[in-house]
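Chain A is the first sequence line, chain B the second, and so forth, proteins listed ahead of strands; every chain is numbered from 1.
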Amino acid sequence: MIQHHSLATRNLNVWYGRTQALREITVDLPANQITAIIGPSGCGKSTFLKSLNRLLELNAGVRVDGEVLLDGRNIYAPGVDVTTVRGRVGMLAQKPFPLPLSIYENVAYGMKIHGVRHSQIDGHVERALNAVGLWGEVATRLKAPATSLSGGQQQRLCLARAIAVEPEILLCDESTASLDPISAQGIESLLLALRGRYTLVIVTHNIAQARRLADYVMFMWLGELVEHGPAAEFFDNPRESLTQEYLARRIG
Amino acid sequence: MTHRQRRNLIDFVMRWVLRLAIGSAAATLLLIVGVITWRGLPGLSWEMISQPPAGSFYLGGGGGVLNAILGSLALATGATLLAALIAVPVVLYLHGYAGRSRLANGLRLALDVMWGIPSIVYGAFGFSLMLLVGLRASLLAGIVTVAFVALPILARTFDEVLMLAPKELREATLALGTTRLEMLGILLRQTLPGLLTAVLLAFGRAIGDGAAPMFTAGYTDRLPQGLTEPVATLPLSIFFQLSAPYQSVQTRAYASAVILTAIILVISVMAQFTSRKLGRHIIR
């Protein structure tokens, strides 16, 4: 199978000051599928996710060693343009966080900075809002502040904002954790709908959610990748005893 | 007394202690405004705000303080703009590129020290600077000197406002693939009302400062003539009138104080109003 784009890590190590947060992570993330990263709090899930779009660099005292390969090219190599990387690897955060702009501008902003032609932006905004099922709700008040939307709507707006830039990969950091069950379900079905067109990497505390969404699963423990594999295999026949115990909720 | 009763009693007492503090703060403001209004009201007239002083003004003759009103407005506006021109890029650099580096912390310390320096020192500094470049007492020299007074206030207030901006906003913006500068643009949108407050605080300090312009802007009974001519300022005008041995002139000093207070009040109210408009899109 020809993959349009690929994402992998090789011996990825991350330190916060002297504390090592990730140890020798080597994994190939399957293209156009949903990879779920599970594991207890503080195991390095979010750190791993943020290493994939170099958002990690915002923290003071972070050191990254090893490689994150986007189409075979290390995104940490000197000379790599970080804005291009982040344009290709989009992100949906834990809490909905719209930009301090109108609903329309929230979606249009990313396209503007990435040089999409002005004449095309209106159409793209509508398409992106449609893709997240928000167009019908906001079409008449595009100029209203994004903060006038409900939490679930805001998270869908953030998703529209992310996909409007047309990334190849979308990272989701516990993106349903702060939402009510109905809104969370809405986001989940959107993620399932995006599968096939985007490579999705989601961090979740919720094993049931991982079962519902994931094609591929990574289980992390204290900064190490304990086990990873296709979801069916992973959940039905976990190889490591640590994984078995975690899935049985005996630990973590 | 049970444990619960004791906690409720403490709560009750403390509530009144806090209210007392609020009362004293409000009373102080009311008292200041009340006293200057009471003493200045008889001296307030259309002539006061529409005319420069006549020759015998400080001896009880006619005229007003239009020279000082216009001079103060020009001086404070110029100084605040100049301070903003330097402070805003400095602070944006700190937040976009310098983070919590040594440079950033050193700069913050320097600004805090600058904030604490009395304005008479800035006046003396501005005066020697003037001599150095061969400038005489003028609106320009006053603007430059008072800008030094306003700079730390504007910079540190804006700095604190930006520190309060949610960390997630930076992440959300940068995650879209923005450059640092574009991220700062978004951060600026979020903090515009705070920036306005910072500018207002700086303006208030600039227009109320007497010592720095005394050496550098000079004083004149004429209306402001240009950047290279001396200008009058309200605090100095108040000082000269209060020093006069005539009751009627001293009353006009209080009237001038009322005018100065009114200017600050009007600007504060306008800022409140604009702030609400600017804050329409803010993420809370």
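Among residues two or more places apart in sequence or in another chain, the side-chain contact (heavy atoms from CB on, under 4.5 Å) test is passed with B:Val231 by B:Leu139, B:Ala217, B:Pro224.
Heavy atoms closer than 4.5 Å to chain B are found in both the backbone and the side chain of A:Leu101. For chain B, no part of A:Arg54 is nearby; none of its heavy atoms comes within less than 4.5 Å. Residue contact with chain B, scored on non-hydrogen atoms closer than 4.5 Å, involves the backbone and the side chain of A:Ser102 alike. Heavy atoms of A:Ala144 lying under 4.5 Å from chain B belong exclusively to its backbone. With a threshold of 4.5 angstrom between heavy atoms, A:Val89 approaches chain B through N, CA, C or O but not through any side-chain atom. Contact annotation for A:Leu58: only side-chain heavy atoms (C-beta onward) come within less than 4.5 Å of a heavy atom of chain B.
Heavy-atom pairs under 4.5 Å with chain B peak, among A:Asn53, A:Leu55, A:Val165, A:Thr84, at A:Leu55. Taking chain B as the reference chain and counting heavy-atom pairs below 4.5 Å, the highest number among A:Gly90, A:Ala146, A:Pro98, A:Gly110 is found for A:Pro98. Note: A:Ile113 leads A:Leu171, A:Ile113, A:Asp81 in heavy-atom pairs under 4.5 Å with chain B.
Atom CZ of A:Arg18 sits in a sparse spot, with 12 or fewer heavy atoms from other residues, nucleotides or ligands closer than 6.0 Å. At most 12 non-hydrogen atoms from other residues, nucleotides or ligands lie less than 6.0 angstrom from CZ of A:Arg73. Crowding of B:Arg108 atom CZ: a count of heavy atoms from other residues, nucleotides or ligands under 6.0 Å exceeding 12. Remark: B:Arg4 CZ is loosely packed, at most 12 non-hydrogen atoms of other residues, nucleotides or ligands lying under 6.0 Å away. Atom CZ of B:Phe148 is surrounded by 12 or fewer heavy atoms from other residues, nucleotides or ligands within 6.0 Å.
Taken to the nearest 0.5 Å, the OG1 atom of B:Thr178 stands 5.5 Å off from the OH atom of A:Tyr109.
The ring pair (Phe, Tyr, Trp, His ring centres under 6.0 Å) pairs that include a residue from residues 82-120 of chain B are B:Tyr93-B:Tyr97, where partners are two or more places apart or lie in different chains. Note on residues 258-284 of chain B: no pairs pass ring pair (Phe, Tyr, Trp, His ring centres under 6.0 Å), not counting sequence neighbours.
Contacts between residues 153-177 of chain B and chain A, defined by a heavy-atom separation under 4.5 Å, are made by B:Pro166, B:Glu168, B:Leu169, B:Glu171, B:Ala172, B:Thr173, B:Leu174, B:Ala175, B:Leu176, B:Gly177.
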